[in-house]
Structures are given as C-alpha cells and as structure tokens.
Amino acid sequence: MRLDRAIDRYLGDLARQGKSNRTLKTYAFRLMPLCGAKEVAEVRDVRAVTTNECRAYLDNWRDAAPGTRYHAWAVMSGFFKWLYRAEEIDINPMARIEPPRRLPPEELDVVTVTGADVRKMFDVCQTWGELLCLSTLAYLGPRRGGASQLRWRDVDLERGTLRLREKGGKRRHLPIPSEFLALLKAAKLSGKVDCASNDYVIPMQRKQKHGRARDDRVISRYVKNIGERAGVHVRPHALRAAFAVQFLETHPGELEALQRLLGHRKPETTQIYLRRYNDQKAMENVRDLSWGNRFSASAGEAPSGVEPL
C-alpha cells in the first residue's frame, strides 16, 4: 500500500473512532510529510519503510520541546502499529525505537494564576463574550475544548445544571455555581447574547464560517485579550488549575469530588493540582526568612562600610 493511501485510511479509522477534527489535522500534519521527506522520498510502499528512516524522520523534532518530541513519536508509533495489526506490513519499523523522555506533569513549567489574578481579569472584562468565557473557565474548570463546545441547549437554568462535553466525546452533568448561574440568567435577559438552543454559550469573536467545526482557539484568544488588559500572564489551562485550587481552599480534603468535577480518570492526576498548591504555599514561607544582618535595612543603596563591586 502506498504511504499516502495508508495515511488516509488511518485518519479515516481515527475519525470513525470519534477523534476530533483538530486531532485529525494534527495527525495529518505529523504523518503527511513522510510522503515527501527526503529520507523516504523514493519509498512509496509502506512495507519498504525502515527503522532507520523512521529515526531520521523523528530527528526533525529533536530540538523541539519534550512534549512535541513525544507526540511525534506517539503519532508515528500509532500509525505503524495500526499498519501491522491490519497486516499491511510484516515488521513494525517503530517497534525498536524507544519513546523520548516525557516530563512528569509535576515537573512541567506551566503557567499558574492566583485568585487575585482571576479577580483582576473579571474586573477588566468589557463584553458578554469575555465575561462568559472567563466565568465558564473559572467557575467550572473545564478543558478548552469542553468550554468551546458548550451550547445553550446543554444548560438547564431551572435546575441549575449543565452537560459538558469532554475528551473522547464523554458527557458530564455538573451543578452550576450560584454566581455563574445568576450570570447566565442575566446574559439571557440582556438581549445582547444569542441564546438559541444551538448557540454557543461562549460566543464567537467573529462570524463562524458555515459548515465548519468550531475552532476551540477562540477560548485562548478571549483569555489572552483579558489577561493582557489585566496585566496577567495566563492561559486557559491555568484557569482550570485556579479552579482546582479555589475548590480545595473552600472544601479542603475533598479530592474525590474535585476529581469528578475535573473529569480525571485517575486520582493521581488530581493530586498534581494539590501538590502544586501545597508547594506554592510552602515556598511563600521563605519571605519570612531572616538572619538579622545589618544589610537587610538597606533599601536601594549600598550599606555604609561596604565597597561597591
């Protein structure tokens, strides 16, 4: 089978499994260059691809971030594993290539925001779209994709509940916090927000092109604009972490409830937020550290008797 045809079939199989359009585009971005990369320019049949050619191709990402390197390996590995299971190849050329080291979640350099930062962001919201976006993230803690797909038909204002679509197409029913519920009702009564059943709760910043799937980067654009106005460096996932920390401060010890609210399959994933929160609190204690030295009273000027460098 030709490489390009094999990739098309693989992407079709992923689509039937329910993978999102964005995921399919990402996989195509990783795989389609195989058909024209110089390392395999003469290779047209999948059976002819060798392990060394796969290694050479993966070297294109050796200077990328650890997560990007791992993702490139995972996509390639999944593709050739699929070919092997489909009996299109006799030997899996990726079988002997070890995965790149992947940093554990607690070691990732992630953007975090404090409760004060979130309040600053609320203070500078200028439109219903900004307010609804920030509120959805801060009061519910969803992933970016889940927030972008939330429609008014998923919101039950009478019962105070909503359905949130998460990874893998799963649906979760969540209670709506009272403040957020009041905001949703106000948005609907304002007459300035499209609230028909099929409309998105977080409106588009520009008109949606007909027939195309919604790009969840609309959430990132809203958050970036609000953060820049508030002077806060922030990303959507940082607000998910802020939600988790706020919940733990209000309901200490209720990790199981937080796990269900965040949609984590494993409690270990939820523990990451708790460890990060505890680490931040512990590190704040360094501000009280004192040796009682004579230099500590100096403010912006060299203490007397000390030679400048």
Might you confirm whether atom [atom1] of [X] has over 12 heavy atoms from other residues, nucleotides or ligands at distances under 6.0 Å?
X: Y84; atom1: OH; value: no
X: R217; atom1: CZ; value: no
X: R153; atom1: CZ; value: yes
X: F122; atom1: CZ; value: yes

Test V234 against D117 for side chain to side chain contact (heavy atoms under 4.5 Å, CB included), laying out the working first. CA-CA 9 Å; V234 61; D117 290 332; over 6 Å; no

Expected list for residues 253-261: side-chain donor-acceptor pairs under 3.5 angstrom, two or more places apart:
residue, atom, partner, partner atom, Å
E256, OE2, R260, NH1, 3.4
Q259, NE2, H264, O, 3.3
Q259, NE2, R265, O, 3.4

Going by side-chain contact (heavy atoms from CB on, under 4.5 Å), name the residues that satisfy it together with [X], two or more places apart in sequence or in a different chain.
X: R55; answer: T51, N52, I97
X: A116; answer: T114, R119
X: I91; answer: none
X: P175; answer: none

Mind checking what makes side chain to side chain donor-acceptor pair (under 3.5 Å) contact with [X], not counting sequence neighbours?
X: R144; result: D216, S220
X: W152; result: none
X: T127; result: none

Spacing of L183 atom CG and L131 atom CG [to the nearest 0.5 Å]: 4.5 Å

Output the distance between atom CZ (R30) and atom CG (L58), rounded to the nearest 0.5 Å.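 Reported value, rounded in 0.5 Å steps: 10.0 Å.
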
Establish whether V201 and L157 are linked, either directly or via other cluster members, by ILVMFWY side-chain heavy-atom contacts under 4.5 Å.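 Hydrophobic grouping puts V201 with L157.
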
Suppose the criterion is side chain to side chain donor-acceptor pair (under 3.5 Å): which pairs have a residue in residues 174-196, not counting sequence neighbours?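 For residues 174-196: Y139-E179.
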
Quick one: does [X]'s side chain have a donor or acceptor within less than 3.5 Å of a partner on [Y]'s backbone?
X: D59; Y: R62; answer: no
X: N225; Y: R221; answer: yes
X: S135; Y: L132; answer: no
X: Q246; Y: A242; answer: no
X: Y27; Y: L14; answer: no
X: R235; Y: V223; answer: no
X: T68; Y: A64; answer: no

Residues in ring-ring contact (aromatic ring centres under 6.0 Å, His included) contact with H251, at least two apart in sequence or another chain: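 Once residues adjacent in sequence are excluded, the partners of H251 under the ring-ring contact (aromatic ring centres under 6.0 Å, His included) criterion are F247.
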
So, using ring-ring contact (aromatic ring centres under 6.0 Å, His included) as the criterion, who are the partners of W82 when residues are at least two apart? Y10

Flag side-chain contact, heavy atom, 4.5 Å: F80 against E88: no

Kindly indicate, with the supporting measurements, whether the criterion side chain to side chain contact (heavy atoms under 4.5 Å, CB included) is fulfilled by L174 and T161. CA-CA 6 Å; L174 297 174; T161 61; over 6 Å; no

Quick one: salt bridge (charged side-chain N to carboxylate O under 4.0 Å, His left out) partners of R151, sequence neighbours excluded?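 Residues passing salt bridge (charged side-chain N to carboxylate O under 4.0 Å, His left out) with R151: none at all.
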
Minimum heavy-atom distance [X]-[Y], with the two atoms named:
X: I202; Y: A147; value: CD1-O, 3.7 Å
X: D154; Y: R171; value: OD1-NH1, 3.4 Å
X: M76; Y: L34; value: SD-CD1, 3.7 Å

